[in-house]
2 protein chains.
Amino acid sequence: MNDGPAFCDQCTIADRAICAVLGEAEREELTRYGRRRRYSRGDTIIAAGDSNYGFATLIRGAAKIATIDADGTERIVALAHPAGLLGQLFAPGDDLHVMALTDSEACLFPREQIESLVNSHPALAARMLQETTRDLGRARSLIDLISKRKSTARVAALLLEFARAASPAACHDAKAFDLPLSRGEMAQLLGLTIETVSRTLTGLERDGLIERRGAHGIVIRDQDGLTALVT
Amino acid sequence: MNDGPAFCDQCTIADRAICAVLGEAEREELTRYGRRRRYSRGDTIIAAGDSNYGFATLIRGAAKIATIDADGTERIVALAHPAGLLGQLFAPGDDLHVMALTDSEACLFPREQIESLVNSHPALAARMLQETTRDLGRARSLIDLISKRKSTARVAALLLEFARAASPAACHDAKAFDLPLSRGEMAQLLGLTIETVSRTLTGLERDGLIERRGAHGIVIRDQDGLTALVT
DNA sequence: CGCATAGTTGAATGTGCTCAAGCGCCGTGG
DNA sequence: CCACGGCGCTTGAGCACATTCAACTATGCG
């Protein structure tokens, strides 16, 4: 988790990230306060109550965004991918926890700085609005997903989503990929138990819809069959 | 469902709505294209595929935002209250359906017009970003809510949320209120069946936590007891 | 090698779902 | 005015499915 200033010219997603809409001058202003950090799996990127660096862009890797209630139970409410936004603006009370799922890198910014930049730079505000709207859509898809009754529907839908996310091309889904989540994390995301997730996966494999390669490798054998299970 | 131009000077929420950040001139520009409409319970405010008037502000009443999948099943993903945003920007493919829950009034705008206004007026973009971020937070709370295992937890959480929403003052929750949703709609929202919602409510009443007054009247008898059930 | 952690599998329990019947309310029409 | 039918809500019985508790295996790390 070593620190460094945020050098945009070395940034692999400088074109896709929200920073892309900023001019040279604003970018340098951001760089002055921003921090770039590396994380390994399990590291906390933004802690629940952190008010200093409450905002970040994911540069590389993957992260989970979770609520954590009184008894320490974690509930994953979203996954983040490169160029995605981490942390909430204008939301002091929200106790969201952001954690690296794989080795990752993120660009951290002080909340107030971003907020003031948003107010002074229309393009940034528009860009962030776009991104947040997308996140909102994703959150609503997740609601749709976990309100499915049967565990097979939830797991199948999640697998299809990962297949899409794992694909380099937008048009085609990947047929083989690695699950970025542990069974426990999948369970948290889907509102199920670890055991049920495990059983459901073995069931899907028994029925020839998927094939497991080790604990995290998945091969989709019958995409249409999986899609049919979702509904 | 009678139409009318959008007269902002008659608007009861002109101060709270996103329009508040606009100057006189922009407001008039909005008014030129905007339409104000009344709806009664069950009316569609924004249809799933509507691309003309894809965006609106709720002025009065309450609305539900739902997805509707292939077999016609409706899934409520959010509730909207006055000054709330209806419809998605930058999201052409999203098939969200917005429906009035009570007699309501909304201000409809062509999507492109809002999008161009967002790009030219930083204050509007910032304001909408704020609102969308809030919506995102609410969506994530809903995820949190429906991922609770037991039906009592879900129903209790929903009741507490309504109690808060029904209260005029922010500090105190209302103790007695009317459910704005039918049993079926609560079921859609919570990912349960009508029967389970009904049974759970009778169970909560039997245990002395709430009291039912007719089909929709609710009196909270033991708020702490309800809160304890949520976790 | 041995421990710790993640994942799988089994048996028993419990909870929500399904199917089905019954109730109360309200508006319609005879 | 009352009978009828529709609709929303409730209640019951049986069943299917996910959870729980528990043992066991596999994998990875010291």
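Every chain is numbered from 1 and lettered A, B, ... according to where its sequence line falls, protein lines coming before strand lines. Below, all heavy atoms of this structure are taken into account, side chains as well, without hydrogens, waters or symmetry copies.
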Between A:Arg149 and A:Ala215, which is nearer to the 5' end of DNA chain C once each is assigned its nearest nucleotide? A:Ala215
For A:Leu201 and C:dG7, what is the distance between atoms CG and C1' respectively, to the nearest whole Å? 10 Å
Should B:Arg183 be listed as having a side-chain N or O under 4.0 Å from OP1 or OP2 of D:dT10? yes
Is A:Thr193 near enough to D:dA18 that one of its side-chain N or O atoms lies under 4.0 angstrom from OP1 or OP2? no
To the nearest Å, how far apart are A:Glu195 CD and D:dC17 P? 18 Å
Donor-acceptor pair under 3.5 Å, B:Arg199 side chain vs D:dG12 base: yes
note: A:Glu205, atom CD; C:dT8, atom C1'; distance rounded to Å ~ 12 Å
Quickly work out the A:Leu204 CG to C:dT9 P distance and round it to whole Å. 13 Å
Within this structure, what is the CD-to-P distance between B:Glu185 and D:dC7, rounded to whole angstrom? 15 Å
Given D:dA18, C:dG7, D:dC9, which nucleotide is nearest the side-chain atoms of A:Ser182? C:dG7
Calculate the interatomic distance between B:Asp178 atom CG and D:dC9 atom P; express it in whole Å. 12 Å
From the options D:dC17, C:dG7, D:dT20, select the nucleotide whose nearest atom is closest to the side chain of A:Lys150. D:dC17
B:Ala47 backbone acceptor or donor facing B:Thr44 side chain under 3.5 Å: no
Measuring from the side chain of B:Leu192 (C-beta onward, heavy atoms only), which nucleotide among C:dT8, D:dT11, C:dG16 has the closest atom? C:dG16
Using modelled atom types and a 3.5 Å cut-off, is there a donor and acceptor pairing between side-chain atoms of B:Arg154 and backbone atoms of B:Leu189? no
Give A:Gly191 one of three labels, base, sugar-phosphate or nothing, depending on what nucleic acid heavy atoms sit under 4.0 Å from its own. sugar-phosphate
Minimum-distance nucleotide to A:His216 side chain [options: D:dT10, C:dC17, C:dG7]: C:dG7
Ignoring hydrogens and geometry beyond distance, is a side-chain donor-acceptor pair present between A:Ser40 and A:Asp43 at under 3.5 Å? yes
B:Arg140 side chain to A:Leu136 main-chain N or O, any donor-acceptor pair under 3.5 Å? no
For A:Leu229 and D:dC17, what is the distance between atoms CG and P respectively, to the nearest whole Å? 13 Å
In whole Å, what is the span from the CZ atom of A:Arg206 to the C1' atom of C:dT9? 12 Å
Of the nucleotides D:dT11, C:dT8, D:dT19, which has the atom closest to the B:Thr202 side chain? D:dT11
Report yes if at least one side-chain N or O of B:Thr196 is closer than 4.0 Å to OP1 or OP2 of C:dG16; otherwise report no. no
Looking at A:Ser147 and A:Asp144, would you say the former's side chain and the latter's main chain have a donor-acceptor pair under 3.5 Å? yes
Looking at every strand, decide which applies to A:Arg212 at a 4.0 Å heavy-atom threshold: base, sugar-phosphate, or nothing. sugar-phosphate
